Protein chains: 2
Amino acid sequence: MPKKIHKRDAQVSKALIITNAIQLFSQKGYASASMDDLAKMCGLNKAMVFYYFKNKKGLYEAVMTQVLEEIQQKILKENEKYTKPIEELESFIRTYAKFACSHPYLPALLLKELSDSGAVFPEMLFTSMRQLFALFSDILKRGEEKGCFHDTMPMILYFMVLGTLNLIVTTKPLREEAAQKEDILLDTCAECDIDQIADYLIEKMKQMLKEKK
Amino acid sequence: MPKKIHKRDAQVSKALIITNAIQLFSQKGYASASMDDLAKMCGLNKAMVFYYFKNKKGLYEAVMTQVLEEIQQKILKENEKYTKPIEELESFIRTYAKFACSHPYLPALLLKELSDSGAVFPEMLFTSMRQLFALFSDILKRGEEKGCFHDTMPMILYFMVLGTLNLIVTTKPLREEAAQKEDILLDTCAECDIDQIADYLIEKMKQMLKEKK
DNA sequence: TATAATTAACTAACCAGTTAATTAATTAGG
DNA sequence: CCTAATTAATTAACTGGTTAGTTAATTATA
């Protein structure tokens, strides 16, 4: 619990709350995240949370918006560097993989939210999530028009990519622990780094997309 | 809230609690599932829950064990019908897909648990989950030895299958809602039935596995 | 009669959210 | 440039409701 070293500054306090809330929500989930704990983490009074974000749900929405905005901007920016659909797809997967690995709160928050079917955060979930999917879907469609992709079902392929990468990241501690006590026969991919995994995924996606029905 | 119509019977009461707990935990998540609510759903006194399962965690473990046992038995039984790795893989995917679709509590519970890295249910998670993965991994390995599969990374492919199917099932209500208000340009696969999706996944898996590195 | 199943009533901790008072920073006026 | 008034940020203390879990008494069954 860090003591407050910062001056009175709304911007700073607000950012401090969001930063800690990202950690808390991603680790404990919405219901188990305590606003008392959050205030202690921030070194602020609990009332500040409600002063800036009205209520718990408001804070959660701010957290999700920021996190989704972050990854979306990153992917869009990377995407601009490429023109060929294959390269764009590769960039999408690699960027998401790297970001998810270095910011593991993203997969945790996303999987929790999706496993609830957006129970906590119903409206804004697809407003924000849709845009990422739209980009992915668009890449596939353009690839199909150009004749380099075949037999695409964007929604399924999207879940394939996100599902795989999110599970790989969130289960990492579990798989590492398993690797120690398990027999060697069962490879839990505990030592694979995220680049290897992204490479493998990309190659497999290429194989899936190049074949005509 | 059904009134109790059953006689005094430990077996019946216990089963009643588990059945309702599966629904409750899968809908609300571990933290938000209230034992008071559960007792009301069962038409029993709350103390019964603690009488039979000691505490909330004990009940949750019983729920997870039963649910994982259920799907595992189903898949193992189906698997016996086949001998060729390709058929076994196909059966694995199709059986999981169908079961997940008709018992949507499974994907909900699994995704919640995995997004926590087994926070609630640490020990038994991989004891039970491992067996399913072991079967999947085994199918791939035997296929590779026989020369019909190539370049397999079982852990990644496992998450690919489970990740895709689980997300497809849990997001179904979300995607259907989206389909109504969204532009037609973005296909959320709202009308796809689970057999189509399983077919597509199986075909894509075949394409991925047949190619040599 | 002994044992197992069930209940009502209780507790102590926790939680989201409120309130009214206090402190610090900003601005305006002389 | 200083000070008084205004506004914004922060706090302690509180509330009402909920929660997991307990206990001791009661009912049914074998």
Side-chain angles (χ1 to χ4, degrees), chain A residues 1-64 112 116 119-122, chain B residues 1-64 112 116 119-122:
Chain A
M1 284 154 247
K3 281 284 137 196
K4 53 175 173 185
I5 37 167
H6 67 278
K7 303 261 176 200
R8 282 192 168 202
D9 188 329
Q11 298 276 71
V12 172
S13 297
K14 220 172 157 177
L16 194 65
I17 292 171
I18 287 210
T19 305
N20 284 284
I22 289 175
Q23 293 307 317
L24 195 63
F25 280 133
S26 67
Q27 282 161 17
K28 304 257 189 159
Y30 179 78
S32 300
S34 151
M35 296 299 97
D36 287 81
D37 289 350
L38 175 61
K40 276 174 209 149
M41 286 166 74
C42 298
L44 293 174
N45 189 284
K46 183 173 58 147
M48 295 305 287
V49 176
F50 298 92
Y51 179 64
Y52 287 120
F53 299 97
K54 192 182 172 191
N55 52 29
K56 190 178 182 179
K57 205 186 158 197
L59 172 62
Y60 183 74
E61 284 182 14
V63 161
M64 291 301 281
K112 286 191 173 83
D116 271 351
V120 193
F121 188 52
Chain B
M1 284 154 249
K3 280 284 139 194
K4 52 174 173 184
I5 36 166
H6 67 278
K7 302 261 175 201
R8 281 194 168 201
D9 187 328
Q11 297 277 69
V12 172
S13 297
K14 221 172 158 177
L16 193 65
I17 291 171
I18 288 211
T19 304
N20 284 285
I22 289 175
Q23 293 307 317
L24 195 63
F25 281 132
S26 68
Q27 282 162 16
K28 303 258 189 160
Y30 179 78
S32 301
S34 153
M35 296 299 97
D36 287 84
D37 288 351
L38 175 61
K40 276 174 210 149
M41 285 166 76
C42 299
L44 293 174
N45 190 283
K46 182 173 59 145
M48 295 305 286
V49 175
F50 298 92
Y51 180 65
Y52 287 119
F53 299 97
K54 191 183 172 190
N55 53 30
K56 190 178 181 178
K57 206 186 155 195
L59 171 63
Y60 183 73
E61 285 183 14
V63 161
M64 290 303 279
K112 286 191 173 85
D116 270 350
V120 194
F121 186 53

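Quick caveat, the model's predicted, so the values are computed rather than measured. Protein chains get the first letters and strands the later ones, always in sequence-line order, with residue 1 at the start of each.
- As a whole-Å value, the separation of A:K28 NZ from C:dC14 C1' is 13 Å.
- In this structure, the NZ atom of B:K14 is 13 Å from the C1' atom of C:dA5, given to the nearest Å.
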Could you tabulate the donor-acceptor pairs under 3.5 Å formed by side-chain atoms of residues 19-26 of chain A, not counting sequence neighbours?
from: A:T19; atom 1: OG1; to: A:A15; atom 2: O; distance (Å): 2.8
from: A:N20; atom 1: ND2; to: A:L16; atom 2: O; distance (Å): 2.8
from: A:S26; atom 1: OG; to: A:I22; atom 2: O; distance (Å): 2.9
from: A:S26; atom 1: OG; to: A:Q23; atom 2: O; distance (Å): 3.0

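- Side-chain atoms of B:F50 lie closest to D:dG21 of the nucleotides D:dG21, D:dT10, C:dT6.
- Contact check for B:Y51 versus B:N45: no side-chain heavy atoms found under the 4.5 Å cut-off.
- Taking the side chain as every heavy atom from C-beta outward, B:E61 and B:F53 never approach each other to under 4.5 Å.
- Between C:dT6 and B:Y51, no contact under 4.0 Å exists linking OP1 or OP2 to a side-chain N or O.
- Rounded to whole angstrom, the span from the NZ atom of B:K54 across to the C1' atom of D:dT22 amounts to 14 Å.
- When the side chain to side chain contact (heavy atoms under 4.5 Å, CB included) test is applied to A:A31, the partners found at least two apart in sequence or on another chain are B:A31, B:S32.
- At whole-Å resolution of the value, CZ in B:R8 and C1' in C:dT3 are 11 Å apart.
- In this structure, B:A39 reaches neither bases nor backbone, as no heavy-atom distance under 4.0 Å exists between it and the strands shown.
- Side-chain proximity of B:L44 to C:dT7, C:dA5, C:dA16: nearest is C:dT7.
- Across all strands, A:A33 comes closer than 4.0 Å only to sugar-phosphate atoms, never to a base (heavy-atom distances).
- For the pair A:Y52 OH and C:dA16 P, the computed distance is 20 Å after rounding to whole Å.
- Residues passing the side chain to side chain contact (heavy atoms under 4.5 Å, CB included) test with B:Y52 are B:A10, B:S13, B:K14, B:I17, B:M48, sequence neighbours excluded.
- Protein atom CG of A:L59 is 13 Å distant from nucleotide atom C1' of C:dG17, rounded to whole Å.
- Contact between the side-chain N/O atoms of B:S13 and the OP1/OP2 oxygens of C:dT6 is found at a separation under 4.0 Å.
- Between its opening and closing five pairs, the helix from C:dT1-D:dA30 to C:dG30-D:dC1 changes axis direction by 10°, a value rounded to 10 degrees.
- Atom NZ of B:K40 sits about 12.0 Å away from atom CE of B:M35, to the nearest 0.5 Å.
- Computed from coordinates, the B:L38 CG to D:dG21 P distance equals 13 Å when rounded to whole Å.
- Counting any heavy atom pair closer than 4.0 Å across all strands shown, A:M35 reaches sugar-phosphate atoms only and no base atom.
- Pairs passing the salt bridge (charged side-chain N to carboxylate O under 4.0 Å, His left out) check and including a residue from residues 27-36 of chain B, sequence neighbours excluded, read B:D36-B:K46.
- Distances from the side chain of A:N55 to the nucleotides D:dG21, C:dG17, D:dT29 place C:dG17 closest.
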Assign a letter to each nucleotide of nucleotides 8-13 of chain C from its 5' end: B, base within under 4.0 Å of a protein heavy atom; S, sugar-phosphate only; -, no contact. B-----
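- The side chain of A:K56 approaches C:dA16 more closely than any other nucleotide in the set D:dA20, D:dA9, C:dA16.
- Remark: side-chain polar atoms of B:K56 are not paired, donor with acceptor, to backbone N or O of B:V49 under 3.5 angstrom.
- Heavy atoms of A:F53 sit nowhere under 4.0 angstrom from any nucleic acid atom.
- Atom CE of B:M48 is separated from atom P of D:dT26 by 18 Å (rounded to the nearest Å).
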